[in-house]
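This is a predicted model, so every value here is computed, not measured.
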Amino acid sequence: MYSLVSIIIPVYNVASYVADCLDSLRCQTYKEIEIIVVDDGSIDGSEAICDDIAKRDNRISVYHLSNSGVAKARNFGMDKANGKYFVFVDSDDRVAEDFIERAVLAIQNAEYVSSAFQTISEENKTSNIDYMSDFSDTVVCSEYLKKMSEYQAGAYWGANWGKLFRADIIKKHKIRFEPEVGFAEDYRFNIEYLRYVNTVSLIHDPVYYY
């Protein structure tokens, strides 16, 4: 039996992107998913786009909050999530159609999955980034953290997107995003989570599109 994956998406004023984001998730080869959209008080039409797409896919739940920041939106999404695994996706990004399938397979040998990704500029220029290319598909967490400390683009590896988390670890240790932190709240969440991780699985193909 497949395990449910909860995909949590905070949304705020991304009307030009959010439909593509949701469509990339609806087309996943791994079907046991729930998509939790947390609209953080959008005023540009993003909220209506999300509602409309949810009418066409019963795996999508949309919640509308007053604007209070991405940390509270993600925490709200986790509170609503029922999955064995959590995935965080930014609403102006997309994912490969096999991202969830490959991540679930990878986490069978670990407690955390981190994937390579592709950056896409406004001019549609692309660049593939795999900062763990010199490691095999699994690595002990201490080696992962050592590598990350040497990597300059901390905003990338410290981000929550492109990762798969075990819900039981998050719940057991009460790991939350900190609303009072104005910068790098996702980095702090990751570091706290990695305290309880022994092994990290890596996906070396760019399956997340930033």
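Just one residue in the list Phe117, Phe86, Phe189 forms a ring-ring contact (aromatic ring centres under 6.0 Å, His included) with Trp161, and that residue is Phe117.
For the pair Ser127/Tyr210, no side-chain contact is recorded, criterion being any heavy-atom separation below 4.5 Å from C-beta on. Put simply, the side chain of Tyr85 reaches to within 4.5 Å of the side chain of Arg166, judged on heavy atoms. The shortest side-chain heavy-atom distance between Lys163 and Phe88 does not fall under the 4.5 Å cut-off. Thr199 has its side chain within reach of Glu111: a pair of non-hydrogen atoms, C-beta onward, lies under 4.5 Å apart. Counting heavy atoms from C-beta on, the side chains of Asp205 and Arg102 come closer than 4.5 Å. The shortest side-chain heavy-atom distance between Phe165 and Ile175 does not fall under the 4.5 Å cut-off. Under the 4.5 Å side-chain criterion, counting only non-hydrogen atoms from C-beta, Phe177 is in contact with Asn160.
When all heavy atoms are compared, the tightest approach of Leu202 to Ser136 is CD1-O, 3.4 Å. When all heavy atoms are compared, the tightest approach of Asn75 to Arg176 is CB-NH2, 3.4 Å. Minimum heavy-atom separation, Val200 to Cys141: CG2-CA, 4.2 Å. Of all heavy-atom pairs between Ile49 and Ala19, the closest is CG2-CB, 4.1 Å. Here the closest non-hydrogen pair linking Ala159 and Asp186 is CA-OD2, 3.5 Å. The minimum heavy-atom distance linking Val37 with Cys50 is given by the pair CG1-SG, 3.8 Å.
Between atom CD1 of residue Ile169 and atom NZ of residue Lys172 there is a gap of 8.5 Å, rounded to the nearest 0.5 Å. Once rounded to the nearest 0.5 Å, the distance linking CG of Leu164 with CD1 of Ile100 reads 6.5 Å. Here OG of Ser142 is found 11.0 Å from CG of Leu194. Values are rounded to the nearest 0.5 Å. Distance check: Ile33 CD1 to Glu101 CD gives 11.5 Å after rounding to the nearest 0.5 Å. Going from atom OG1 of Thr138 over to atom CD1 of Ile107 covers 13.0 Å, rounded to the nearest 0.5 Å. From His204, atom NE2 reaches atom OG of Ser133 across 7.5 Å, with rounding to the nearest 0.5 Å.
Under the 4.5 Å side-chain heavy-atom criterion for grouping Ile, Leu, Val, Met, Phe, Trp and Tyr, Met132 is not connected to Val140 through any hydrophobic cluster. Residues Val181 and Met78 do not share a hydrophobic cluster, clusters being chains of Ile/Leu/Val/Met/Phe/Trp/Tyr side chains in contact below 4.5 Å. In the hydrophobic clustering of this structure, Val87 groups with Tyr2; members are Ile, Leu, Val, Met, Phe, Trp, Tyr whose side-chain heavy atoms approach within less than 4.5 Å, directly or through other members. Linking ILVMFWY side-chain heavy atoms closer than 4.5 Å, directly or via other members, places Ile53 and Val95 in a single hydrophobic cluster. Residues Ile170 and Ile191 share a hydrophobic cluster, clusters being chains of Ile/Leu/Val/Met/Phe/Trp/Tyr side chains in contact below 4.5 Å.
With sequence neighbours excluded, no residue forms a ring pair (Phe, Tyr, Trp, His ring centres under 6.0 Å) with Phe135. Take Tyr209 and apply the ring pair (Phe, Tyr, Trp, His ring centres under 6.0 Å) test, not counting sequence neighbours, and it matches no residue. By the ring pair (Phe, Tyr, Trp, His ring centres under 6.0 Å) test, Tyr17 pairs with no residue at all, sequence neighbours left out. The ring pair (Phe, Tyr, Trp, His ring centres under 6.0 Å) search around Phe99 returns none, not counting sequence neighbours.
Counting heavy-atom neighbours within 6.0 Å of Arg94 CZ, excluding the residue itself, gives a total of 12 or less. Shown here is Lys55, whose NZ atom has no more than 12 heavy atoms of other residues, nucleotides or ligands within 6.0 Å. Residue Glu192 places its CD atom among more than 12 non-hydrogen atoms of other residues, nucleotides or ligands, all under 6.0 Å distant. By the 6.0 Å contact criterion, CG on Asp134 is enclosed, its count of non-hydrogen atoms from other residues, nucleotides or ligands being greater than 12.
No donor-acceptor pair closer than 3.5 Å links the side chain of Ser91 to the backbone N or O of Val18. Looking only at distances, a side-chain donor or acceptor of Asp57 sits under 3.5 Å from a matching main-chain atom of Arg59. Under a 3.5 Å cut-off, the side chain of Lys174 and the backbone N or O of Lys171 do not form any donor-acceptor pair. A donor-acceptor contact shorter than 3.5 Å is absent between the side chain of Asp90 and the backbone of Asp93.
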Ile203/Tyr208 under side chain to side chain contact (heavy atoms under 4.5 Å, CB included): CA gap, chis, key distance, verdict: CA-CA 10 Å; Ile203 300 174; Tyr208 191 98; over 6 Å; no

Could you walk me through whether Arg188 and Glu185 satisfy the salt bridge (Lys or Arg N to Asp or Glu O under 4.0 Å) test, starting with their C-alpha distance in whole Å, then the side-chain angles of each, then the deciding distance to 0.1 Å, before giving a yes or no? CA-CA 5 Å; Arg188 291 166 66 91; Glu185 81 293 331; over 6 Å; no

Is there a side chain to side chain contact (heavy atoms under 4.5 Å, CB included) between Tyr30 and Ser3? Walk through the geometry before answering. CA-CA 10 Å; Tyr30 189 92; Ser3 298; 4.2 Å; yes

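Between Arg74 and Asp40 there is no salt bridge, since no side-chain N of the basic residue sits under 4.0 Å from a carboxylate O of the acidic one. Salt-bridge annotation for Lys72 and Asp79: absent, with no side-chain N of the basic residue lying under 4.0 Å from a carboxylate O of the acidic one. Salt bridge status for Glu143 with Lys146: absent, with no side-chain N to carboxylate O gap under 4.0 Å. At a threshold of 4.0 Å, the pair Arg26-Asp23 counts as salt-bridged, since one of the basic side-chain nitrogens sits closer than that to a carboxylate oxygen.
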Could you pull out every donor-acceptor pair under 3.5 Å between side chains of residues 6-15 and any protein atom, sequence neighbours left out?
unit_1 : atom_1 : unit_2 : atom_2 : d
Ser6   : OG     : Glu34  : OE2    : 2.5
Ser6   : OG     : Asn82  : N      : 3.4
Ser6   : OG     : Gly83  : N      : 2.8
Asn13  : OD1    : Ile43  : N      : 2.7
Asn13  : OD1    : Asp44  : N      : 3.4

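Applying the ring-ring contact (aromatic ring centres under 6.0 Å, His included) test to every pair with at least one member in residues 35-82, sequence neighbours left out, gives these pairs: Tyr63-Phe76.
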